[in-house]
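A short worksheet on the structure shown next.
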Amino acid sequence: MLIKAPKGTKDILPDEIVNWQIIEQKANEVFSKANFKEIRTPIFEETSLFERGVGDTTDIVNKEMYTFIKSDRSLTLRPENTAGAVRAYLEHNFFRESPPVKFWYKGPMFRYERPQAGRQRQFHQIGVEMFGIQDASADAEVILLASEFLKSLGLNDLTVEINSLGCNKCRAEYKENLKKAIAPFLDGLCEDCKSRYEKNPLRILDCKNEDCIRLFEENNLKNSVSGIKLCDECSNHYKQLKEYLDILNIKYEENTFLVRGLDYYTKTVFEIKSNNLGSQNAVCGGGRYDGLVETLGGVHTPAVGWAMGVERLNSLIGKIQDNKIDYFVVSDNKQEALKLTYKLRACGFSAEFDYNSRKFIKQLEKASKIAKFAIILGEDEIKNNYLSVKNMETSEQTRETFEDLVK
RNA sequence: GCGGGCAUCGCCAAGCGGUUAAGGCCUCGGAUUGUGGUUCCGAUAUGCGUGGGUUCGAAUCCCACUGCCCGCCCCA
């Protein structure tokens with residue numbers, strides 16, 4: 001019985017690795033320009049980091065974590081990277097630097113869920129975190145960054161949705177008002193919504209149940225929600241964000257039903273969606289988390305960030321072709337072929353030869369499949385110290401010395 | 001945790017109870033011991049996810065299991 005990769009995990013094969021390399025390279029380019037620095041945190045952390053950081057009312061913490069005990073310590077494979085980034089920020093005293101402190105990261109995350117389109121148990125995220133700036137220009141900055149990054153990958157028309165959840169102060173009020181608006185038709189909602197009503201009423205807005213959505217519409221919940229006032233500070237912040245986005249010419253849609261499932265978000269939340277992803281349609285999600293640094297033991301520090309799912313991103317990008325190598329050395333003399341191959345590599349070219357010493361015609365056929373040029377190195381070439389270089393695209397063949405070729 | 005669908009060569013597949021399980025791609029070899037990518041010929045599944053059962057006879061029908069995919073929940 002062959003051992004297979006575990007459920008919900010995938011091998012990234014040579015055929016598709018080019019996409020990944022390009023995504024990571026673009027991330028580095030785009031984020032570096034904005035002076036975001038890459039950070040790499042451990043793949044596992046102490047379990048309590050996620051319980052405190054992500055929130056113990058979330059599904060992620062309640063039923064999706066890969067947790068194991070080693071030497072009496074409870075450790076967990078990271079389900080996301082924001083908590084780890086904040087932990088590192090505190091552990092290495094980044095709060096002593098002049099704000100903002102700007103990080104970006106990439107890497108695998110782990111969540112125990114039933115796999116489906118756009119969802120795996122081991123998946124990859126690229127994300128940014130920005131610490132120390134309360135002003136809405138920081139929110140705009142990270143949204144701009146997400147948009148620039150997507151643009152650099154040729155993804156231009158994705159929808160940005162934004163909303164504001166308010167701060168701790170006004171969110172409590174918001175929840176009460178929301179409950180009041182929902183109360184009249186609470187009985188008609190699904191079981192999940194009924195239990196969310198007490199535990200986490202904001203999440204009711206996120207319900208996908210058709211009957212619930214119909215009831216929301218019949219009772220004009222959207223208007224009721226829009227009518228709920230944020231405190232002055234929060235509504236100002238939200239207003240400023242929209243002004244910044246307008247100035248930056250970033251198109252967005254306001255979605256008063258946009259609620260994120262992680263507990264740490266405050267004020268701004270946003271998602272970037274695509275219609276080509278199946279039912280898991282968010283390629284990017286994030287927002288502001290002004291309370292998280294404090295929750296994890298630091299002084300109050302405003303922060304904002306997002307994460308993208310690399311697998312989802314990848315499925316939006318067409319397959320990027322692997323480039324052909326520069327030279328394939330065709331020769332009956334394996335020693336000379338090997339020597340020439342290594343000389344070409346030393347000069348910075350990609351090169352290969354036929355390890356099997358097959359017939360000339362087979363070698364040329366192989367060359368046409370994998371290389372831009374074939375270098376024919378036969379008896380005559382070796383004796384008279386020249387190379388026959390054939391362009392496999394145009395069939396043109398020229399006679400050159402090694403020195404001319406590598407110039 | 002709950003629904004739905006699918007499993008035939010490395011990949012894509014035809015077959016729907018009856019003699020040796022189509023075809024295509026890829027791979028390998030030959031036509032062709034120095035000029036390929038087009039062409040022609042040839043090779044490649046004692047086996048149809050696994051285990052039972054029905055039948056004279058099963059890839060084809062029935063049952064169980066496993067795996068994968070899709071959806072719900074939640075999230076990237």
Side-chain angles (χ1 to χ4, degrees), chain A residues 1-10 13 15 54-55 57-65 79-82 106-127 146 190-193 195-196 200 203 206-210 212 259-262 265 270-274 277-286 305-316 324 328 330-333 354 356-382 388-397:
Chain A
M1 202 51 166
L2 283 176
I3 296 172
K4 295 202 225 162
K7 192 187 191 76
T9 69
K10 276 212 165 67
L13 301 173
D15 200 33
V54 179
T57 69
T58 61
D59 281 3
I60 290 180
V61 169
N62 280 322
K63 47 185 209 195
E64 296 175 4
M65 295 210 297
E80 55 95 62
N81 213 156
T82 298
K106 62 171 190 225
M109 310 295 158
F110 306 85
R111 259 121 96 158
Y112 184 78
E113 302 177 89
R114 284 289 280 273
Q116 66 183 74
R119 174 186 309 146
Q120 289 171 214
R121 290 181 174 179
Q122 178 179 169
F123 62 104
H124 297 76
Q125 288 189 331
I126 288 177
C190 67
E191 288 309 308
D192 284 333
C193 281
S195 75
R196 283 191 278 236
N200 197 346
R203 245 18 132 68
D206 209 22
C207 189
K208 311 288 192 305
N209 185 303
E210 283 178 23
C212 292
V259 177
R260 317 229 61 247
L262 282 67
Y265 288 111
F270 62 92
E271 285 185 0
I272 301 179
K273 294 181 179 173
S274 163
L277 281 172
S279 71
Q280 309 305 319
N281 62 354
V283 67
C284 176
W306 51 254
M308 284 197 198
V310 181
E311 283 81 0
R312 293 181 190 179
L313 194 53
N314 206 349
S315 65
L316 293 176
K324 291 187 168 176
F328 189 90
V330 173
S331 178
D332 291 330
N333 186 326
D354 187 44
N356 290 327
S357 304
R358 287 178 303 181
K359 289 195 294 192
F360 180 86
I361 200 165
K362 291 292 172 193
Q363 292 192 29
L364 204 59
E365 191 182 330
K366 174 88 172 171
S368 74
K369 282 176 187 155
I370 69 167
K372 293 174 198 149
F373 294 91
I375 297 185
I376 296 157
L377 186 62
E379 279 174 41
D380 194 54
E381 282 90 348
I382 294 169
S388 297
V389 178
K390 177 162 186 164
N391 183 325
M392 299 314 275
E393 192 79 15
T394 63
S395 297
E396 278 176 288
Q397 188 166 323

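In what follows, every heavy atom counts, from backbone to side chain, and hydrogens, waters and symmetry copies are set aside.
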- Query: Hey, does His124(A) have a side-chain heavy atom less than 4.5 Å from the side chain of Lys106(A)?
  - Reply: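 No, too far: nothing below the 4.5 Å cut-off.
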- Message: Any heavy-atom pair between the side chains of Val330(A) and Ile375(A) that's under 4.5 Å?
- Response: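 With C-beta onward as the side chain, the pair stays apart.
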Taking [M] as the reference, what is the distance to [N] when you measure between their [atom1] atoms (whole Å, please)?
| N | M | atom1 | result |
| --- | --- | --- | --- |
| C72(B) | U20(B) | C1' | 49 Å |
| U50(B) | A7(B) | C1' | 11 Å |
| C16(B) | C26(B) | P | 28 Å |
| C69(B) | C11(B) | P | 15 Å |
| C48(B) | A58(B) | C1' | 11 Å |
| U35(B) | G49(B) | C1' | 47 Å |
| G29(B) | C62(B) | C1' | 46 Å |
| A22(B) | C61(B) | C1' | 23 Å |

For [X] and [Y], indicate whether the former's side chain and the latter's backbone hold a donor-acceptor pair under 3.5 Å.
| X | Y | answer |
| --- | --- | --- |
| Gln125(A) | Gly127(A) | no |
| Glu311(A) | Phe123(A) | no |
| Arg121(A) | Thr9(A) | no |
| Asn62(A) | Thr58(A) | yes |
| Glu393(A) | Lys372(A) | no |
| Glu271(A) | Lys273(A) | no |

Just how far, in rounded Å, is [atom2] of [N] from [atom1] of [X]?
| X | N | atom1 | atom2 | value |
| --- | --- | --- | --- | --- |
| Lys10(A) | C68(B) | NZ | P | 10 Å |
| Arg121(A) | G67(B) | CZ | P | 10 Å |
| Ile126(A) | A76(B) | CD1 | P | 15 Å |
| Gln116(A) | G4(B) | CD | P | 16 Å |
| Glu80(A) | A76(B) | CD | P | 8 Å |
| Gln363(A) | G37(B) | CD | P | 15 Å |
| Lys273(A) | A76(B) | NZ | C1' | 12 Å |
| Gln280(A) | C70(B) | CD | C1' | 11 Å |

- Task: Could you pick out which residue, Gly309(A) or Lys63(A), lies toward the 5' side of RNA chain B when each is mapped onto its nearest nucleotide?
- Result: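 Residue closer to the 5' terminus by nearest nucleotide: Lys63(A).
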- Message: By nearest heavy atom, map Ile272(A) and Pro115(A) onto RNA chain B; which one lands nearer the 5' end?
- Response: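 Whichever sits nearer the 5' end wins; that is Pro115(A).
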- Query: With sequence neighbours left out, what residues match Phe328(A) under ring pair (Phe, Tyr, Trp, His ring centres under 6.0 Å)?
  - Reply: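 With sequence neighbours excluded, Phe328(A) shows a ring pair (Phe, Tyr, Trp, His ring centres under 6.0 Å) to no residue whatsoever.
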- Query: What is the distance from atom OG of Ser395(A) to atom NZ of Lys390(A), rounded to the nearest 0.5 Å?
  - Reply: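 Going from the OG atom of Ser395(A) to the NZ atom of Lys390(A) covers 5.0 Å.
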- Item | Secondary-structure string, 5' to 3', Watson-Crick or G-U under 3.5 Å, | for another-strand partners, for RNA chain B | ((((((((.[[[..)..(....]]].(((((.......))))).....[[[[[..)....]]]]])))))))....
- Query: Counting any heavy atom closer than 4.0 Å, what does Gly118(A) reach on the DNA or RNA strands: base, sugar-phosphate only, or nothing?
  - Reply: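 Base contact.
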- Query: How does protein contact run along nucleotides 29-36 of chain B, one letter per nucleotide 5' to 3', with B for base contact, S for sugar-phosphate only, - for none, heavy atoms under 4.0 Å?
  - Reply: SSSB-BBB
